[in-house]
Amino acid sequence: MRARVRAAVARAWADAEAAGTLPALDDPSAAPEVEVERPANAAFGDLASNLALKLARPMRRPPMAIAGALADRLRGAAGAGLVASADVAPPGFLNLRVTDSTYEGVVADILSAPASWGRIPAVNPRTVNVEFVSANPTGPLTVGNARGAFVGDLLCRVLEAGGQRVTREYYFNDSGAQVNHLGASVAAVRRGEPVPDDGYKGAYVEDLARAVPEDVWAAATAEGAATDAVLGAWASHRVRAMIEASLARLGVRFDVWKSEASLHDEGWVARAVERLREAGHVYEQDGATWFRSTTFGDDKDRVIYKSNGWPTYFAADIGYVTEKFSRGFDHLIYIWGADHHGTIARNKNAAQAMGYDPDHYQVLLIGWVRFVADGVEVSMSKRAGTFVTLDDLLDAVGTDAARWFFASRAAHVEIDFDIELARKQSAENPVYYVQYAHARIASIVRKAAEAGLSPAPGVEGLLAGEPEAALVRVVARLPEVVEDAVVAEETQGVTAYATELATQFHAFYRDARVVDTANPERSGQRLALALATQTTLANALALLGISAPDSM
RNA sequence: GCGCCUGUAGCUCAGUGGAUAGAGCGUCGGCCUCCGGAGCCGAAGGUCGCAGGUUCGAAUCCUGUCGGGCGCGCCA
């Protein structure tokens, strides 16, 4: 609807120019974009445009006069069937109302094709790889990992809503020092010895120690066996399964699990370094191999292979970039904690140095989550065993409430999360307010069926009353909300919208009785509108991965 | 010192150039003879950290400044 009105305003401008009531621009390339938005105050109408204000300077005309000329056109052919009224307000706003028949058409569309309501034309169709969570399998996911998991999944859903093909990817390191430390910890606990200083503590280590099969234990402790590595490999495998189960619980599944070791084993790292070397961006110094990141604006060069010959983490990253692009992705997105921002430049630079477009290497930083319990910050350490697991969080507040919490905040800002407060307030969470509206409609629909009432076959005259007119205006906005979310790659607008729609429906419920056997015709019309609202709520929640219950 | 993020109501946060800055929670006061009270209605509460600048118009853009967070390894 917003898009249709935007097109109508553009048409009005062109018509006025052709008719000579508005002058042509001296410099057509400087023409402003036609913008149409929802005014903050509903009294101004359904949609408003600031086009006249933008055109005042280039046209050297007062904005009110330009707005007047546009309004004339919109009242005529340019707005035929769509624009019910066009008014001008100082300093030069163009305020528009949309015809009832347009809104009735929206309701008819929703009822005839509920599943596609809210789907929008592809905004920027790409094949995208989204890598997120990527916590190493040395312990269960914590609340610290929770935000990345939710934000990553929400981003994927939003990208898909915008018509993009998305692969969800989890990168992990199942070899190396950390995994050996895990193996050593398991071995120590199994033997009843204290866990080493650089080992892992916590109940899950004890669980792992108890669960070690006899044959694994025998192999790990055999003469000459690398005990820590063997046990670590077994334990990390098992931990990974735990992680996968936790993620499944929050409705997150990954398409690809990629191990760091495989990037080395399959030669991706070596080939990528060779590619950089051939392009002249690699040099040796102090026995180490360096990438000349400063060529691309980094503040220092970066080590690829250490002087002892071992690759850095960065080396694997370089190989991984080539591996991902080789799979046909044209856009890579990384979701990292804000503490990793210092590593963006080197990775982006390396991608550029290998011939990739740096714009196709996108990093989304997630703001720090400060966990507090009753106002006091809780420090989280896997090694110290002092952490709250993701499963604990879900036990406390539930998946829907947790999803809503993260979906309603910008991904990059730091936030406080008080798990005790969340537990206490989980019953007050706005997500239930929205779900309640959905369940209430479902109940009304059931009641209506019992009373022998059915939705009106047509939608004509649907907006006879004020409650109907107010509700349909919110319902009709879903595609705009989805489009804005896709463009911004953020979901706060969706939660805000769902809340507003629920509020509007509750008001409608108060003012307009739906189930009324004394007036079956009006009941049928209101029922149609209620159904359209229910679909809209369900589709908005679905975009967030949140359930829309029929009763609660 | 340098880089990135951040400062909006009592609390947690929306609002990235438009008209009277919003929501949830909390506080105070009302509303169940009728489709679900997990609801509705109303009230109090803000010099958008501060100071300049750009603009017809700034919470939003620019500069400076003060406060908070996170980084600045041949760690991962």
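Per chain, numbering begins at 1; letters A, B, ... match sequence-line order.
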We want to know whether A:Ser236 and A:Asp174 form a side-chain donor-acceptor pair, criterion being a heavy-atom distance below 3.5 angstrom.
no
Between A:Tyr320 and A:Glu169, do the side chains contain an N or O donor and an N or O acceptor separated by less than 3.5 Å?
yes
Could you say whether A:Ile415 or A:Ala507 is positioned toward the 5' end of RNA chain B, judged by the nucleotide with the nearest heavy atom to each?
A:Ile415
Quick check: on RNA chain B, is the nucleotide nearest A:Ala502 upstream (toward 5') of the one nearest A:Arg440, or the reverse? Name the residue that is more 5'.
A:Arg440
Taking [M] as the reference, what is the distance to [N] when you measure between their [atom1] atoms (whole Å, please)?
{"N": "B:rC62", "M": "B:rC25", "atom1": "C1'", "result": "37 Å"}
{"N": "B:rC61", "M": "B:rU16", "atom1": "C1'", "result": "9 Å"}
{"N": "B:rA51", "M": "B:rA43", "atom1": "C1'", "result": "36 Å"}

Which part of the nucleic acid does [X] contact within heavy-atom distance under 4.0 Å: base, sugar-phosphate only, or nothing?
{"X": "A:Ser551", "value": "base"}
{"X": "A:Ala498", "value": "nothing"}
{"X": "A:Asp484", "value": "nothing"}

If I take atom [atom1] in residue [X] and atom [atom2] in nucleotide [N], what distance separates them, rounded to the nearest angstrom?
{"X": "A:Gln534", "N": "B:rC35", "atom1": "CD", "atom2": "P", "answer": "18 Å"}
{"X": "A:Glu500", "N": "B:rC40", "atom1": "CD", "atom2": "P", "answer": "13 Å"}
{"X": "A:Glu490", "N": "B:rU60", "atom1": "CD", "atom2": "P", "answer": "19 Å"}
{"X": "A:Asp516", "N": "B:rC35", "atom1": "CG", "atom2": "P", "answer": "12 Å"}
{"X": "A:Arg60", "N": "B:rC56", "atom1": "CZ", "atom2": "C1'", "answer": "17 Å"}
{"X": "A:Arg370", "N": "B:rU6", "atom1": "CZ", "atom2": "P", "answer": "18 Å"}
{"X": "A:Phe405", "N": "B:rC11", "atom1": "CZ", "atom2": "C1'", "answer": "12 Å"}
{"X": "A:Ile344", "N": "B:rC4", "atom1": "CD1", "atom2": "C1'", "answer": "8 Å"}

Which of the following nucleotides, B:rC4, B:rU6, B:rG39, is nearest to the side chain of A:Val413?
B:rU6
Report the nucleotide, chosen from B:rG37, B:rU6, B:rC35, that has the shortest atom-to-atom distance to any side-chain atom of A:Val514.
B:rC35
Flag, side chain of A:Asn349 to backbone of A:Ala345, donor-acceptor distance under 3.5 Å
yes
Under 3.5 Å for both pairing distances: what stems, at least three Watson-Crick or G-U pairs long, include RNA chain B?
B:1-7 with B:66-72, B:10-13 with B:22-25, B:27-31 with B:39-43, B:49-53 with B:61-65
When you measure from the centre of the six-membered ring of A:Phe172, is the NZ or CZ of A:Arg240 closer than 6.0 Å and no more than 45° off the axis?
yes
Between A:Arg2 and A:Glu483, is the closest basic N to carboxylate O distance under 4.0 Å?
yes
Looking at A:Arg277 and A:Glu274, is any side-chain nitrogen of the basic one under 4.0 Å from a carboxylate oxygen of the acidic one?
yes
Atom pair CZ/CZ of A:Phe132 and A:Arg147 - distance to nearest 0.5 Å:
15.0 Å
One should read off an interatomic distance between A:Asn347 CG and A:Phe291 CZ, to the nearest 0.5 angstrom, of 9.0 Å
Counting just side-chain N and O atoms, does A:Gln492 come under 4.0 Å of either OP1 or OP2 of B:rG15?
yes
Quick one: is B:rG39 close enough that its OP1 or OP2 comes under 4.0 Å of any side-chain N or O from A:Arg510?
no
Would you call the rings of A:Tyr283 and A:Trp290 parallel, tilted or perpendicular, taking 30° and 60° as the class edges?
parallel
Base-contact (B) and sugar-phosphate-only (S) positions in nucleotides 18-24 of chain B, heavy-atom cut-off under 4.0 Å, - elsewhere:
BBB---S
Under 4.0 Å protein heavy-atom contacts per nucleotide of nucleotides 68-76 of chain B, with B for base, S for backbone only and - for none
BBBSSSBSB
Is B:rC32 in the syn range, within 90° of 0, or in the anti range?
syn
Specify the closest pair of heavy atoms between A:Pro311 and A:His264, including all atoms of both residues, with the distance to one decimal.
CG-CE1, 3.5 Å
Please tell me if the side chains of A:Arg409 and A:Val369 come closer than 4.5 Å, counting only heavy atoms from C-beta onward.
no
Can you check whether A:Tyr433 and A:His506 have ring centres sitting under 6.0 Å from each other?
yes
Please determine whether ring pair (Phe, Tyr, Trp, His ring centres under 6.0 Å) holds for the pair A:His281 and A:Phe296, giving the CA-CA distance in whole Å, both sets of side-chain angles, and the decisive distance to 0.1 Å.
CA-CA 10 Å; A:His281 299 299; A:Phe296 302 90; 5.1 Å; yes
